[in-house]
Amino acid sequence: MGASATQVPVLEVTGIHKQFPGVKALSDAGLRLYPGEVHTLMGQNGAGKSTLIKVLTGVYQPERGSIVLDGKAIAPGSTQDAQILGISTVYQEVNLCPNLSVAENIFIGRYPRRFGMIDWRAMRRDAAALLARLQIDIDVSKPLSTYPLAIQQMVAIGRALNISARVLILDEPTSSLDENEVQLLFSVLRSLREQGMAILFVTHFLEQTYAISDRITVMRNGEREGEYLCSELSRLALVNKMVGAPEAAPEQGASAGATNAPQGETFLATRALARKGVLAPVDLAIHKGELLGLAGLLGSGRTETARLLFGADKADSGAIEIGGRSRSFSTPRDAIAEGIGFCSEDRKHEGAILSLSVRENLILALQARQGLLRAIPMRRQQELATYYVQQLGIKTASIETPIGTLSGGNQQKVLLARWLATEPKLMILDEPTRGIDVRAKQEIMDYVTTLCRKGMSILFISSELPEVLRVSDRIVVMRDRNVCGEYRRGELDDSSVLHVIAGEGCA
Amino acid sequence: MNVPLNPAALTSAQPASPSLFQHPLFRPLAALAVLLLIDFALIPGFFKLEIRDGHLYGGLVDIVNRAAPLMLAAIGMTLVIATRGIDISVGAVVALSGTVASMLIGGTMVMNNGVPEYVAQTPMALAILAALGAALLCGLWNGFLVAGLGLQPIVATLILMVAGRGLAQLLTDGQIVTVYYQPFFFLGSGYLFGLPFALFVVVAVFAVTSFLMRHTALGLFIQAVGVNPVAARLAGIRTAALIVFVYVFSAACAGMAGLMISSNVKSADANNAGLLLELDAILAVTLGGTLLAGGKFSLVGSIIGALIIQTLTYTIYSLGVPPEVNMVVKSVVVFLICISQSDQLKTLWKRRAA
Amino acid sequence: MRGVSGVGKLAAAPWFTSMVTVVLLLAMLVIGGQAYEGFLSLQVMLNLLIDNAFLLVIAIGMCFVILSGGIDLSVGAVLALATMIAAWLLQAGWPPLAVIALVLLGGSAFGGAMGAIIHVFRLQPFIVTLAGMFLARGLCYLISIESITIEDPLFVAMSQTQIPFLGGFLSPGALIALLMLALAVWVAHFSSFGRAVYAVGGNEQSAEMMGLSVGRTKILVYAFSGFCAALAGVLFSFYMLSGYGLHAQGTELDAIAAVVIGGTLLTGGYGYVLGALSGVLVLGTIQTLIAFDGTLSSWWTKIVIGALLFVFCVVQRLMGMRQK
Amino acid sequence: KPLTIGFSQVGAESEWRTANTASIKSAAKQAGVNLKFADAQQRQENQVKAIRSFIAQRVDVIAFSPVVESGWDTVLREAKAAKIPVILTDRAVKVSDPSLYVSFIGSDFVEEGRRAARWLVEHQKKNPNRGYNIVELQGTVGSAPALDRKAGFAEVIAGNPKLKIIRSQTGDFTRAKGKEVMEAFLKSEGKNINVLYAHNDDMAIGAIQAIEEAGLKPGKDILVVSIDGVKGAFEAMLQGKLNVTVECNPLLGPQLVQTAQLVKAGKPVPKRITVNEGVFPAEVAAKEFPNRKY
Ligand SMILES: Nc1ncnc2c1ncn2[C@@H]1O[C@H](COP(=O)(O)OP(=O)(O)OP(=O)(O)O)[C@@H](O)[C@H]1O
Ligand SMILES: Nc1ncnc2c1ncn2[C@@H]1O[C@H](COP(=O)(O)OP(=O)(O)OP(=O)(O)O)[C@@H](O)[C@H]1O
Ligand SMILES: [Mg+2]
Ligand SMILES: [Mg+2]
């Protein structure tokens, strides 16, 4: 731990105000970053964390406030300025170019050169080496878009690490990573800390906060609530400070075992459902009112399974049986007609329709199911939107605000609501709590389990194993695009599940 | 849950300050108003309207009348653009539908003892249906290429843009087909209640379209497909059918515009009818505030855009601008209107002032 | 692999498309050779380059613009303006090299100015360059509505020199166009400007966040396109020895079509500059086929051009899908 | 082996042009000549390409209607080098070396403009009390017929102070534009307009409609003078709506084929072959109408 009170901060931000049309995103926000420290920024969805980061890296210009780097006031006018000043950033949504190769995404703007030309060989070599440090072994000459979100996230991190910087900022880098990757990232961060770098880190995982950080700044409603040494702040106190109420926040796991579904009727079953090169034949059954968890490592094929079930991709072979009838879905419409909903893991590309309002985004799936002509009356749309905004605690200025201006977590909630509004019989949730704050996550899972108890089936995919263990009635484990095991509640615990998904302990 | 919210506040459509200046239609309207003001100042009797032969007569009537085909094309184009597409075959469809109608109605002049006599052919209703049918086929074709084969809209419609006029000329053997059948002229130059009939057609098409947009989910779906087609598909929208629909709709609008144009000049000129109409239509849509990147669109905006263009053309003619200067004047005005509509201008202005 | 399926497909598509284009082009040439006597002669092939040199140069500039996610409708008009200014200045007795330099500078400035307007005011490229198109044509007429003949010895020499090449000949214009292509391919793949163009076309916002100067890139792209259009204008005046406001009407659409046929996506970010060559050759071959046929009436010419375009795009598309 | 002529046409932009094409095609057919026809879609570069491909195909004679006057030196030199004679139709070209083509068959646009003006001057002499404020509908800006017809007309009326052009705007040679522009003229000049001079019949026909819709009588309140002599113009004259059309004869086919045959046979041909063209005032329309082929 390098932090000491006598040190001067590398970066000091004070009194930042930032106003968006209709929203006051930051009012008197601030932050102090010390060299050789990992500093975690915490706060509820929409508290202003990402906005603060964008202000101090030149994406937004604040109305008021000062940013002091190494004792000198700075006013970065663009991200380029910030990079030159030595601030390297990974933003919340992956901000890379999908059309460029992985290697290029890492090196763009700082190419290795030979004779004044870009040295592609050296670039690929260096990129591969850099990713190897993060234990990622992929073909770096392929376009970024051919890789799943998690890999893209790691590439973004790789890019930031490669910029020789004084300050490294990571906005929710772990939201799409699983345990292994997180640990890897942490070990890299620790070594950077040793070298005296100042690191700002945003996460909604309390575990991770306590695992890595030295200091915590809590934000609430666009203000700095306070700065604390990690060692001096208990988890409960932290949550209370984020929420701004001295009430007792439910600790994780409190409502575990919410459902206990009758193992009777099968809602849906797959018969050797497969797609070449993507998923080996899978047999899966989901019962009515059951919450089925799908566990596995990155790339184990969970998302693929979900997509086939939803008709987002077409299966090459096998069938889906619903109510005794064999079906094959070739478009999502087919699945929706059977009462299936699917909340995708990639909210930016597959979920949010950014320039449409919260209301429009929210009723979209319901309207699509009702058909073109039977428009949902405006009154009803507003009722629905208002209902879910309140139910899920979506922080938005109004239901007519474009969803693109909402904070990441709140967008996720709107998309969840989009499917809840269709009252599906089976809801497929692929990483539904990605980027959602502790409190809200708890509430959302409670809400979902309640629905489950009322008879909705849920297929739950999450990289957070404890969460999967806690809420699932049954867990199917996948590895290398195969189903490799099935466990009932209680058969697995935090440690045995790791063995199972890593491939020790099942055939 | 924990965020206390006032439902009433949520439903209030716009986040406070619904000021007039912020309305998306304010700037197109302002541009139109400025143009009209200039006309008022420079062209004597510009706003003069009189009743002649039982109908309104004057510069404004001309503008509306002449802008009618453009407004129709712009309405269709708006929907295509909202899905992030573009339709550059509009002019060709205009030529094709005008030709079909004129050929079917046709009528030739026969000299009978030195007295000209006119002979009509197919019943007009049938001819009009056939022309619209041809336009619909064109739309289906475009839609199929874009949605079915996944061609890029600009190339997909380029094919018809090139070949469509060829087809029309093939039908007429390269001749201008003159129509001698009186009732057909009503569409393009007739008057109803003292107003140009074309105006009623535009109003009707506009009303039907806005009704569809407001009272069905069409508008929502079109926007969703335009902004994020992947997400729209996952939400259960039939994206392909929707895309085919907008191209068919655009072609139908173009077909009507074609009928109007050929009815107005009482003939069909396959080579020149509707030449470059697609560019004007796109220009109208953009001047009306719709983004070519798809998503939010404004039908009223497109109508205003079309009126801006026609007013500008009319102004150039009326002011006696020499023809070689036409283009420079037009381009400078378009530049000025675009820049004045930019949000950025305000920001830059403020920054300068500060 | 899954890779956000739709996007993944697109990512791989241009590469196939480019290859498919070349294969189809060869097929078309062979068919032409079978059908028409003398079609496959060397000089006919070289004429493809000579006659389309200016289009190739314009398409190169257009390719950069489209890769950056924009579009430039002004190129045909800028070409005409370049021929007009060149002819006018030469007539006034300016030295030819100075005229060429001035025209190229002027073209770049014109393009750069449009780029600046697009960037600074966040306007849509389509509209700004459409207005630019009107403006450039309009300026031609301000100089003169008649065509002006060029009699300058250098231009005449450039027009009539035949550079021996593999037994046939090429024009200096064709050679310049090929050099320009080589330069453009190099810029696109080995310079940071070229890569920035791809990045901006891939995702403008991300490019900004990665610290690239989006504004500078966009302005440069349009300046480059303006430069190419002006250069094409110079080549065109070598070719035609005249300046005229009605020159090269509709060339912008040809250039866009060539770029797209060459495998570049209009949405930006995907494609190859080299594809512009195959696209231009495809359009040129279609025209040559029609000229060799010599039986088509004016309207059949249009229909056949449309039909060939259609067949080409569809086959290209289907083969691309099959590969996937 | 039959004679092969490569012919590059401008396009099919007007009825006049279509009639021109038809005449050439039928003449070639009648004479048993092999015609290679290429349409340039109004673009000079396409014509150059077509001529190059004719050279590559070694046709016997190349003929073309140039889109523009200038810019033909290089390609004509290539034709000369390949020893293929060139015949121009319809429009002339400016080349440094007149031996680059053997003959030019066609009309004289300037003369057409003059004839139109002369008719008007005569009319004025007969009706000295009438006003002669002229509005002019020009062809496509920059195109040869528009430039020449304007120049020829202006040249003749310059000598007569009573004839004044008060408005002049382009109508792009089309009916729709002709009507649109005339409407605007009528609104801004109103009863001031006494004469309409249109560079082609199509624009005149469009403008006539505008005049009627404004409640005036074309041919009486406003004299209508135009050029081309297409069928539509004759119909208008029969109805008394058009006063005169100056013929611009598109039926060059027979003359072209004949010249080509002579050239091939090595016979001398005149450098300039003019076509027979008349001026048709309304009075003779009824008589002439049945003879009109296009
Ligand atoms: N571009 C924008 N336009 C309008 N409002 C915005 C914009 N960006 C952010 N906001 C608003 O600012 C507030 C703070 O958002 P921010 O993204 O900083 O939250 P966050 O703390 O990062 O939340 P999360 O944990 O969900 O990512 C939110 O209410 C959001 O709606
Ligand atoms: N560590 C890795 N190294 C290389 N490739 C990987 C890695 N992880 C995932 N992939 C790629 O991801 C693809 C499928 O992953 P995907 O992420 O969609 O599966 P998943 O089980 O849904 O995982 P998650 O939902 O956690 O992202 C695989 O084909 C593989 O190529
Ligand atoms: Mg955030
Ligand atoms: Mg996944």
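As the structure is a prediction and not an experimental result, all values here were calculated from the model.
In this structure, chain B has a heavy atom under 4.5 Å from the side chain of D202(D), while its backbone stays farther away. Q175(B) touches chain D through backbone and side chain together, each having a heavy atom under 4.5 Å away. Only the backbone of D173(B) comes within contact range of chain D, judged by heavy atoms closer than 4.5 Å. With a 4.5 angstrom heavy-atom cutoff, S262(B) does not touch chain D via any of its atoms. Using a 4.5 Å cut-off between heavy atoms, V141(D) contacts chain B through its side chain alone, with no backbone atom that close. With a 4.5 Å cut-off on non-hydrogen atoms, Q138(D) touches chain B through its side chain but not through its backbone. Using a 4.5 Å cut-off between heavy atoms, A22(D) makes no contact with chain B at all. Interface residue K177(D): only side-chain heavy atoms are found under 4.5 Å from chain B. For chain D, no part of L275(B) is nearby; none of its heavy atoms comes within less than 4.5 Å. With a threshold of 4.5 angstrom between heavy atoms, R167(D) approaches chain B through side-chain atoms but not through N, CA, C or O.
A donor-acceptor pair is defined here as one N or O able to donate and one able to accept, closer than 3.5 Å; such a pair exists between the side chain of D201(D) and the backbone of V230(D). Looking only at distances, a side-chain donor or acceptor of Q169(D) sits under 3.5 Å from a matching main-chain atom of V321(B). Of the possible donor and acceptor atoms, none in the side chain of Q310(B) sits under 3.5 Å from a partner among the backbone N and O of A68(B). Here the side chain of T170(D) pairs a donor or acceptor atom with the backbone of G139(D) at under 3.5 angstrom.
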**Study point:** Derivation of the side chain to side chain contact (heavy atoms under 4.5 Å, CB included) call for V67(D) and Q42(D)
**Key:** CA-CA 7 Å; V67(D) 175; Q42(D) 268 92 308; 5.7 Å; no
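Using a cutoff of 4.0 Å between basic side-chain nitrogens and carboxylate oxygens, E213(D) and K179(D) are scored as salt-bridged.
Applying the salt bridge (Lys or Arg N to Asp or Glu O under 4.0 Å) definition to pairs two or more places apart or across chains, those involving residues 135-151 of chain D are E112(D)-R149(D), E136(D)-K150(D), R149(D)-D228(D).
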